Amino acid sequence: MLDLKGQDILDGAQFSREQLEGIMRLAEDFRAQVREKKPLDLMRGLVMASLFFEPSTRTRLSFETAMHRLGGSVIGFASTEGTSVAKGETLVDTIRTVDQYADIIVMRHPQIGSAREAAAVAQAPVINGGDGAGQHPTQALLDLFTIRSECGGLDGRTIVLCGDLKNGRTVHAGVELYKHYACRLIFVAPEALKMPPAITERLRQLGVPVEETADLAEALPRADVLYMTRIQRERFADPAEYERLKDSYILTRAMLERLNPRLTVLHPLPRVNEIATDVDSLPNAAYFRQAQNGVYVRMALLALVAGRL
Ligand code: NCD
């Protein structure tokens, strides 16, 4: 089903709209089954390796939760400390080794293109849990799932993506999914953190309506969804530049109430200070539900690439 058996998941651009819809439907089924506390054993006998060369809370724990909920097993590491990477082992050698043990490899690594490099040497399907400032396709899928579930769909919606659009891998992957729907995109970023022009130009060539501005307050009244992102400190070569840009946007409850009280607010998390905590208790602050959705979407993906569906 959906032609994902044995496939690597590397980039948001690899999915057709049909595949997206299929993954969304399966994730909905898994949500219902998890909520009913239905015991599942689709992945029994299979091992997922979870290799995190870079920090993570949600991506790693939701992948591991997904595998456990499907009755499978998990091996891996949450940091390279204590692994042979600390002795100087190359990525390719680590992947070749783990490939001897596991049926699926989930990985996060600071280098752009690292997941593709791993996929080139692994027999097991490789799932990219974030490659530097590159891509983060499974986050994009759970973001899509969340917008559908919070707003009933994307067609006709206006989605504002705000923050560090230059370095944010979640938005780089996200736009590759949103382009399949009849939605409008507004990119809000300071000049230095704009969406890479190659991405924006390609979207426009495909006919996706894209606007760019640095002014969040100007964009908010026209939005259905605000996707807020963190300024990606770890991607800055110059700490002074980070200091200059780190408080570019801070969403407050007062701003929302004044400009757009019905706006759905998403964030891949972790948040630093770009969403004030007084927003959290609003019914349309959806970012913790978004984190929960990661489990259902990753259950669907794991079962699909393993060929168990
Ligand atoms: C994001 C990431 O790691 O790219 N987090 C996540 O996976 N939920 C966003 C971020 O770190 O800012």
Side-chain angles (χ1 to χ4, degrees), residues 9-13 27 50-66 76-80 106-116 126-147 150 159-178 187-190 193-196 199 225-236 242 245-251 265-275 280 285-299 301-302:
I9 307 294
L10 302 177
D11 193 311
S50 160
L51 310 184
F52 281 73
F53 298 78
E54 230 190 24
S56 169
T57 297
R58 278 148 289 267
T59 303
R60 185 174 68 83
L61 293 178
S62 64
F63 260 115
E64 295 186 4
T65 302
F77 50 80
S79 83
T80 54
V106 176
M107 63 174 276
R108 168 172 291 184
H109 192 281
Q111 210 68 47
I112 293 180
S114 48
R116 197 170 292 282
V126 171
I127 303 182
N128 181 6
D131 61 322
Q135 283 279 313
H136 193 349
T138 68
Q139 178 70 42
L141 290 168
L142 78 90
D143 297 339
L144 179 71
F145 183 89
T146 305
I147 297 172
E150 298 285 327
I159 303 173
V160 170
L161 305 178
C162 175
D164 189 348
L165 307 185
K166 176 179 178 221
N167 298 302
R169 55 197 175 197
T170 71
V171 292
H172 298 167
V175 296
E176 300 295 346
L177 310 194
Y178 305 148
F187 296 162
V188 178
L193 299 178
K194 276 174 68 172
M195 183 69 86
I199 296 181
V225 175
L226 169 63
Y227 188 90
M228 203 67 184
T229 67
R230 175 177 71 88
I231 308 298
Q232 307 277 298
R233 185 179 57 189
E234 63 275 38
R235 312 287 174 226
F236 283 72
Y242 172 72
L245 293 165
K246 71 177 190 248
D247 295 328
S248 296
Y249 303 103
I250 298 176
L251 182 73
V265 183
L266 304 187
H267 191 308
L269 302 176
R271 128 179 81 185
V272 182
N273 64 349
E274 56 281 357
I275 301 181
D280 298 0
Y287 26 94
F288 290 105
R289 291 192 291 278
Q290 184 181 358
Q292 179 186 121
N293 292 336
V295 174
Y296 314 131
V297 167
R298 289 170 173 136
M299 287 172 83
L301 270 182
L302 289 171

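Note: hydrogens, waters and symmetry copies are ignored here, and every other heavy atom, side chains too, is used. Indexing begins at 1, ligand by ligand and atom by atom, following the structure's order. The structure presented is a predicted model; accordingly, all values stated were derived computationally and were not measured.
Looking only at heavy atoms of the protein, atom 6 (C) of ligand 1 is closest to Leu269 O, 3.4 Å. When hydrogens are left out, the protein atom nearest atom 11 (O) of ligand 1 is Arg230 NH2, 2.9 Å; that is the closest non-hydrogen contact. Among protein heavy atoms, the minimum distance from atom 4 (O) of ligand 1 is reached at Arg169 NE, 2.7 Å.
The aromatic rings of Phe145 and Tyr296 sit tilted relative to each other, their planes meeting at an angle between 30° and 60°.
Taking CG of Leu161 as the reference point, atom OH of Tyr178 lies at 6.0 Å (rounded to 0.5 Å). Distance CG/Asn293 to CZ/Arg298: 10.5 Å, rounded to 0.5 Å. Interatomic distance, CD1 of Ile147 versus CD1 of Ile159, reported as 4.0 Å (0.5 Å rounding).
Distances from ligand 1 to the non-hydrogen atoms of Pro270 include at least one value under 4.0 Å. The shell of residues lying under 4.0 angstrom from ligand 1, judged by heavy atoms, excludes Glu54. The shell of residues lying under 4.0 angstrom from ligand 1, judged by heavy atoms, excludes Thr229.
Where the criterion is an N or O separation shorter than 3.5 Å, residue side chain and backbone included, Thr170 fails it with respect to ligand 1.
For the pair Arg108 and Phe52, the cation-pi criterion (under 6.0 Å, within 45° of the ring axis) is not fulfilled.
Per-residue contacts place Gln139 under 4.0 angstrom from the following atoms of ligand 1 (heavy atoms of the residue considered): 6 (C), 7 (O), 8 (N). Numbered from 1 in the order shown, with element, the atoms of ligand 1 that lie under 4.0 Å from a heavy atom of Thr59 read 6 (C), 7 (O).
By the 4.5 Å heavy-atom criterion applied to side chains, Tyr227 and Val160 are not counted as neighbours.
In this structure, of His136, Arg58, Gln135, the residue bringing a heavy atom nearest to atom 7 (O) of ligand 1 is His136.
Under the 4.0 Å criterion applied to side-chain N and carboxylate O atoms, Arg169 and Glu234 are not assigned as salt-bridge partners.
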